[in-house]
Amino acid sequence: MRAGLTRGLLFGGVIALIGVNGGLAATMPEFEGKEIDSDVNIGYGINLSDVNADGKRDILLVDKNTIAWYQNPTWKKHVIAKDLTERDHVCIAARDINADDHPEVAIGAQWKPWDTVNSGAIFYLKPPQNRTKLWEPMPLPNDPVIHRMRWVRKDRNEYFLVPVPLHGLGNEDGQGAGVRILAYQKPDDPRATWTIELVNGDYHMTHNIDPVQWDDDITEEILLASREGLFLFDRSSTGWEETQFIANDGEEGGFPGASEIRLGRLPENKRFLASVEPFHGHQVVTYTAPEAGEEFWERKVVDDSLKAGHAVACGDFMDAGYDQLVVGWRDENADGKVGIKLYVPGPDGKQWRRSWVDNDQMACEDVRLADLNDDGKLDIVASGRATHNLKIYWNKG
């Protein structure tokens, strides 16, 4: 059993433990952890969606050999796919893309990151009438080393499935061809041919993406974390246009690469980007919009005490009108701990306060946010690799 949850606050590099009635405690949300599965193999990916259309968000988990959903509020586990490939299942996308109150589910599998030629698989899962039973897997064309995937809005009633490989075809150590990021459009009959278009094919070690609403059109944009930098792809009538957020001249001491990316809101509705750097790295990093006359976004190292940072999410747990940042890591750090922390920004995103969400009971592989009990407060769901668990962290305000 790992050490129990402690509460602390770190500001400007100084840690202050806070009692229940401590002066700053009222400004920081408190979380109560509930383990709903202690037999997770790896817990590669989580999605939160209303699988059975009862108005409650359920938890979907892609694990090494199974795909399952946990029914809200009992959290009963329903396995809907298993052993689809010889190698691991690795990622999941679930979203209601046709307004029928049920999510469409796709997964990536055959995870073998060192095989950049023959690995990888994509399946669309067609549900039976009883969604607690096994779903029918329908294979789709794929590039090697599929690692992440998300549904991305194309138009009001149209979506892309965007699977993202970790490496390009035939790559060795991240060198060689760029990763092909492809956008698949589902036909009415999922057995028919899916239309596929190229988003981008230039970058390497593209670990994660985040669909976002960046501008005022209906189409969602795609944020990408890669070895070369952080990028935004925006679809126009002439193709996918690219925005680069950070300078990367390739020189020693430059950008170290990133493996996670999320978009958050600061006070006054200013944006920030959050990442983990370098790849599977030890740093929580944020970027804020450039000052007048500057080209690239300003980098801020918020925390450098992680090891194998692997999960990032942004959301407003405090009903503050701006986002806080949640980051989890999966390997024991210099203090011998794994866990999840919450980071609260100052007005301009230059300073951040820290507190524990889970202190050493969650070797965090993935994290997602939603109000799971309809109390108006955002909760956290996380899966643990070495800890083999799935937990809800109830927001107690």
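The first residue of the sequence shown is numbered 1, and numbering continues consecutively from there.
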Between the main-chain N or O of Asp39 and the side-chain N or O of Asp37, is there a donor-acceptor pair closer than 3.5 Å? yes
Looking at every heavy atom in both Ala370 and Leu48, which two are closest together, and how far apart are they? CB-CD1, 3.6 Å
Is there a donor-acceptor pair under 3.5 Å between the side chain of Asp96 and the backbone N or O of Asp101? yes
Which atom names give the shortest non-hydrogen contact between Lys300 and Gly349, and what distance separates them? CG-O, 4.4 Å
Do Val312 and Leu325 come within less than 4.5 Å of each other through their side chains, counting heavy atoms only? yes
With hydrophobic residues grouped by side-chain heavy-atom distances under 4.5 Å, do Ile80 and Ile107 end up in a single group? yes
Report yes if the distance between the aromatic ring centroids of Phe31 and Phe317 is under 6.0 Å, otherwise no. yes
Would the distance check show the side chain of Arg87 and the main-chain N or O of Ser119 forming a donor-acceptor pair, the cut-off being under 3.5 Å? no
Checking Arg131 against Trp135: charged group under 6.0 Å from the ring centre and within 45 degrees of the axis? yes
Cation-pi check for Trp69 against Lys77: NZ or CZ below 6.0 Å from the six-membered ring centre and within 45 degrees of the axis, yes or no? no
Ignoring hydrogens, what is the shortest heavy-atom contact between Ala386 and His388? Give both atom names and the distance. O-CD2, 3.1 Å
Leu378 versus Val326: any side-chain heavy-atom pair under 4.5 Å? no
I'd like to know if Glu298 and Lys350 make a salt bridge, using a cut-off of under 4.0 Å between side-chain N and carboxylate O. yes
Distance from Lys126 atom NZ to Asp189 atom CG, nearest 0.5 Å? 8.5 Å
Sub-3.5 Å donor-acceptor pair from the side chain of Asn200 to the main-chain atoms of Asp202, do we have one? yes
Between Ile181 and Val162, is a side chain to side chain contact (heavy atoms under 4.5 Å, CB included) present by the stated rule, with each step listed? CA-CA 7 Å; Ile181 301 172; Val162 181; 3.7 Å; yes
Would Leu390 and Glu35 satisfy side chain to side chain contact (heavy atoms under 4.5 Å, CB included), going step by step from the backbone distance to the final call? CA-CA 6 Å; Leu390 180 67; Glu35 188 171 77; over 6 Å; no
Would a line drawn from the ring center of Phe231 to the ring center of Tyr203 be shorter than 6.0 Å? yes
Looking at Asp173, I want to see if its CG is surrounded by more than 12 non-hydrogen atoms of other residues, nucleotides or ligands under 6.0 Å. no
Test item: Met205 and His167 side chains (from C-beta on) under 4.5 Å apart, heavy atoms: yes
I need the minimum non-hydrogen distance between Trp329 and Lys337, along with the two atoms involved. NE1-O, 2.9 Å
Would you call the rings of Phe279 and His207 parallel, tilted or perpendicular, where under 30° means parallel and over 60° means perpendicular? perpendicular
Would you call Met138 and Glu136 a side-chain contact if the rule is heavy atoms closer than 4.5 Å? yes
CZ of Arg227 to OG1 of Thr206, rounded to nearest 0.5 Å, is 11.0 Å
Given the rule in the side chain to side chain contact (heavy atoms under 4.5 Å, CB included) test, do Ile146 and Cys91 qualify, once you have shown the distances and angles that lead to the verdict? CA-CA 8 Å; Ile146 294 297; Cys91 57; 4.0 Å; yes
Tell me if the NZ atom of Lys307 is crowded by more than 12 foreign heavy atoms within 6.0 Å. no
Look at the rings of Phe160 and Trp240 and say which category their plane angle falls in: under 30° parallel, 30 to 60° tilted, over 60° perpendicular. tilted
Do Val152 and Phe233 sit in one hydrophobic cluster, given that two such residues count as connected whenever their side-chain heavy atoms are within less than 4.5 Å of each other, even indirectly? yes
Please check: side-chain N/O of Asp379 versus main-chain N/O of Asn395, any donor-acceptor pairing under 3.5 Å? yes
Derivation of the salt bridge (charged side-chain N to carboxylate O under 4.0 Å, His left out) call for Arg95 and Glu220: CA-CA 14 Å; Arg95 189 171 183 178; Glu220 289 178 337; 2.9 Å; yes
Just by distance, do the side chain of His102 and the backbone of Asp100 share a donor-acceptor pair under 3.5 Å? yes
Between Ile92 and Val62, the two heavy atoms sitting closest are CG2-CG1, 3.8 Å
Is it true that a side-chain atom of Ser383 and a backbone atom of Ile42 form a donor plus acceptor pair closer than 3.5 Å? no
Is there a side-chain contact between Asp58 and Asn52, using heavy atoms and a 4.5 Å cut-off? yes
Do the non-hydrogen side-chain atoms of Arg180 and Leu198 ever get within less than 4.5 Å of each other? yes
Counting only N and O atoms by type, is there a donor-acceptor contact under 3.5 Å from the side chain of Asp50 to the main-chain atoms of Gly55? yes
For side-chain hydrogen bond (donor to acceptor under 3.5 Å, both in side chains), just list the numbers for Asp217 and Thr219, CA-CA rounded to whole Å, side-chain angles, deciding distance to a tenth of an Å, and then say yes or no. CA-CA 6 Å; Asp217 62 14; Thr219 303; 4.6 Å; no
Could you check if a side-chain atom of Leu342 sits within less than 4.5 angstrom of a side-chain atom of Pro29, using non-hydrogen atoms only? yes
When you compare the side chains of Arg354 and Tyr343, does any donor N or O come within less than 3.5 Å of an acceptor on the partner? no
Would you call the rings of Trp75 and Trp394 parallel, tilted or perpendicular, where under 30° means parallel and over 60° means perpendicular? tilted
I need the single residue from Trp352, Tyr287, Trp297 that forms a ring pair (Phe, Tyr, Trp, His ring centres under 6.0 Å) with Phe272. Which is it? Trp352
Could you check whether any side-chain N or O of Asp63 sits under 3.5 Å from a backbone N or O of Asn41, counting only pairs where one atom can act as donor and the other as acceptor? yes
Please answer whether the main-chain N or O of Asn373 pairs with a side-chain N or O of Arg57 as donor and acceptor at a distance below 3.5 Å. no
What heavy-atom pair brings Val276 and Gly309 nearest, and what distance separates the two atoms? CG1-O, 3.6 Å
Would Arg271 and Trp214 count as a cation-pi pair here, with the cationic atom under 6.0 angstrom from the ring centre and within 45° of the axis? yes
Answer yes or no: are there more than 12 heavy-atom neighbours, outside Asp319 itself, under 6.0 Å from its atom CG? no
Point-to-point distance, once rounded to the nearest 0.5 Å, from OG1 of Thr243 to CD of Glu221: 9.0 Å
Does one side chain, of Glu228 or His204, offer a donor that lies under 3.5 Å from an acceptor on the other? yes
Would you please say whether a donor-acceptor pair under 3.5 Å links the side chains of Asn389 and Thr387? yes
Would a 4.5 Å heavy-atom cut-off, applied to side chains only, mark Tyr70 and Ile46 as touching? no
With side chain to side chain contact (heavy atoms under 4.5 Å, CB included) as the test, would you mind laying out the steps for Tyr159 and Glu104 before giving the verdict? CA-CA 11 Å; Tyr159 288 79; Glu104 280 63 45; over 6 Å; no
